[in-house]
> 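Provided herewith is a single structure, encoded as structure tokens, for subsequent inquiry.
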Amino acid sequence: MRTLLLVDLQVDFMPGGAMGIPDGDAVIPVANKIEPYFDLVLATQDWHPANHSYFAVNHPNKAPGDVVEMHGTQQILWPVHCVESSHGSRLSPRLNRDKIMKVFHKGTDAKVDSYSTFFDNAHLRDTGLAKYLRKQRISEIYIMGLATDYCVLWSALDAIGLGFSCCVITDGCRAINRNSEDEAAAYRKMADAGVHLMTSDELVRSIKRSGIRRAASSAAG
Ligand code: VGL
Ligand code: ZN
């Protein structure tokens with residue numbers, strides 16, 4: 001089953017949102033374009049409690065972008081975003097949601113964030129996504145969404161670590177780029193880990209080509 005995972009295509013990550021990502025809305029038409037080529041479409045939502053420890057407002061004298069030590073590692077503090085059930089936590093109204101079979105929430109624990117759609121940042125709890133994919137006998141996933149340098153990056157690396165084959169659709173992602181080179185570094189890390197990187201046009205072309213091949217071989221057989 002060809003499976004697409006749409007990562008955090010939420011109102012707060014669109015330009016003008018609480019944590020708007022530059023050009024973040026440009027990926028919505030890409031999602032709508034490729035959805036019909038998949039047998040299964042899944043989505044994630046960043047879904048934080050208001051007292052989330054990664055929100056700068058929950059730390060005295062801290063501002064978004066500041067770094068604090070939590071769980072033995074340096075963690076970035078964010079503006080309040082994607083508070084569970086808030087308007088900003090909703091999937092973009094421009095996203096075609098008809099094909100989305102299941103939505104996974106992440107970052108629901110006030111104490112630890114979850115950039116990956118598989119595990120929290122401390123690898124203490126999983127979101128149930130890996131178990132769901134294995135139950136459906138899915139071994140390969142295609143990922144696109146926001147943000148390239150956080151949730152897409154960590155989801156793709158965890159997918160590989162868990163033994164899934166993983167492809168990231170590059171024009172379907174946009175980066176936060178706290179540092180200007182973060183996006184390029186994220187793609188390098190993914191490629192080094194064995195993540196396939198391709199554009200949505202390359203994906204559609206390869207699916208059409210394999211469809212033709214399948215049709216040709218069944219005609220021959
Ligand atoms: C994300 C930082 C904090 C993301 C979510 O979706 O990439 N990044 N929360
Ligand atoms: Zn978040």
Side-chain angles (χ1 to χ4, degrees), residues 4-28 30-31 42-59 62-68 70-71 73-92 95 100 103-125 127 129 143-159 166 168-170 172-179 181-187 189-190 195:
L4 176 64
L5 181 67
L6 301 172
V7 174
D8 297 359
L9 299 180
Q10 292 164 273
V11 170
D12 272 348
F13 293 128
M14 299 294 138
M19 204 169 128
I21 294 171
D23 213 23
D25 51 344
V27 308
I28 303 294
V30 177
L42 306 172
T44 66
Q45 274 174 304
D46 211 31
W47 199 257
H48 301 311
N51 66 344
H52 195 44
S53 59
Y54 285 55
F55 289 164
V57 290
N58 295 324
H59 295 257
K62 294 286 178 202
D66 287 352
V67 173
V68 296
M70 289 192 278
H71 329 290
T73 53
Q74 302 292 101
Q75 302 289 339
I76 303 152
L77 298 177
W78 303 106
V80 173
H81 65 278
C82 297
V83 171
E84 52 194 6
S85 305
S86 65
H87 172 75
S89 72
R90 293 196 185 161
L91 293 172
S92 163
L95 176 67
I100 299 174
V103 177
F104 292 84
H105 287 165
K106 61 185 187 56
T108 57
D109 185 331
K111 290 187 289 303
V112 58
D113 209 350
S114 187
Y115 297 148
S116 163
T117 56
F118 291 97
F119 298 105
D120 64 69
N121 295 5
H123 263 248
L124 297 174
R125 276 208 254 163
T127 59
L129 175 60
I143 299 179
M144 62 154 279
L146 304 170
T148 319
D149 37 358
Y150 291 91
C151 293
V152 171
L153 169 65
W154 292 108
S155 299
L157 295 181
D158 275 346
C166 175
V168 167
I169 312 298
T170 51
C173 301
R174 289 294 184 279
I176 294 173
N177 275 334
R178 288 178 68 243
N179 303 299
E181 69 280 11
D182 286 355
E183 179 176 38
Y187 280 128
K189 279 184 202 152
M190 289 190 257
V195 176

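Atoms within each ligand, like the ligands themselves, are counted from 1 in listed order. Numbering of residues begins at 1 and proceeds along the displayed sequence. Both backbone and side-chain heavy atoms feed into the values below; hydrogens, waters and symmetry mates do not. Worth saying up front: this structure is predicted, and the values here are computed from it rather than measured.
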> Of all the atoms in ligand 1, which lie at a distance below 4.0 Å from a heavy atom belonging to Tyr115?
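Near Tyr115, meaning under 4.0 Å from one of its heavy atoms, ligand 1 has 2 (C), 3 (C).
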> Tell me which pairs pass salt bridge (charged side-chain N to carboxylate O under 4.0 Å, His left out) where either residue lies in residues 8-23, with sequence neighbours left out.
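Found Asp8-Lys106, Asp23-Arg174.
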> Students should be able to answer this: which protein heavy-atom is nearest to atom 6 (O) of ligand 1, and at what distance?
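For this ligand atom, the closest protein heavy atom is Asp8 OD2, 2.7 Å.
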> Is a side-chain donor or acceptor of Ser114 paired with a backbone partner of Phe119 at a separation under 3.5 angstrom?
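Yes, Ser114 side chain to Phe119 backbone: donor-acceptor pair under 3.5 Å.
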> Would Ile176 count as being in polar contact with ligand 1, using the rule that some N or O on each side must be under 3.5 angstrom apart?
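No, no N or O pair falls under 3.5 Å.
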> Measure the distance from atom 8 (N) of ligand 1 to every protein heavy atom, then report the residue, atom name and distance (to 0.1 Å) of the closest one.
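I find the closest protein heavy atom is Tyr150 CB, 3.6 Å.
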> Of the protein's non-hydrogen atoms, which lies at the shortest distance from atom 5 (C) of ligand 1, and what is that distance?
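Here the nearest protein heavy atom works out to Asp46 OD2, 3.1 Å.
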> Using a heavy-atom cut-off of under 4.0 Å, does the side chain or the backbone of Ile76 touch ligand 1, or both, or neither?
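Ile76 to ligand 1: no contact under 4.0 Å from either part.
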> For atom 1 (C) of ligand 1, which protein heavy atom lies nearest, and how many Å away is it?
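Here the closest protein heavy atom is Cys151 SG, 3.4 Å.
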> With distance as the sole test, does Asp113 use its side chain to make a donor-acceptor pair with the main-chain N or O of His48 at under 3.5 Å?
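Flag not set: sc Asp113 to bb His48 has no pair under 3.5 Å.
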> Taking a cutoff of less than 4.0 Å between a non-hydrogen atom of the residue and any ligand atom, is Gln10 in contact with ligand 1?
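No heavy atom of Gln10 comes that close to ligand 1.
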> Measure Tyr54 to ligand 1 on non-hydrogen atoms and call it side chain, backbone, both or neither using the 4.0 Å cut-off.
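Looking at Tyr54 and ligand 1, no heavy atom falls under 4.0 Å.
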> Keeping Asp158 on the side-chain end and Thr117 on the backbone end, is there a donor-acceptor pair under 3.5 Å?
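Not a single qualifying donor-acceptor pair exists.
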> If we ignore hydrogens and angles and just use 3.5 Å, is the side chain of His105 paired with the main-chain N or O of Asp46 as donor and acceptor?
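Here the side-chain-to-backbone pair does not exist.
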> Looking at Asn121 and Tyr115, would you say the former's side chain and the latter's main chain have a donor-acceptor pair under 3.5 Å?
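Yes, Asn121 side chain to Tyr115 backbone: donor-acceptor pair under 3.5 Å.
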> Which residue, Gln45, His87, Arg90, His81, forms the side chain to side chain contact (heavy atoms under 4.5 Å, CB included) with Gln10?
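Exactly one option meets the side chain to side chain contact (heavy atoms under 4.5 Å, CB included) with Gln10, and it is Gln45.
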> What class does the angle between the rings of Tyr54 and His52 fall in, given that below 30° is parallel, 30 to 60° is tilted and above 60° is perpendicular?
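Because their plane-to-plane angle is under 30°, the rings of Tyr54 and His52 count as parallel.
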> What are the protein N, O or S atoms, given as residue plus atom name, that sit under 2.8 Å from the Zn ion (ligand 2)?
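Hits for the Zn ion (ligand 2) below 2.8 Å: Asp46 OD2, His48 NE2, His81 NE2.
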> Would you say the side chain of Met190 lies within less than 4.5 Å of the side chain of Thr170, judging by non-hydrogen atoms?
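With C-beta onward as the side chain, the pair stays apart.
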> Might you point out which heavy atoms bring Pro79 and Met19 nearest each other, and give the distance in Å?
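That would be CG-CG, 3.9 Å.
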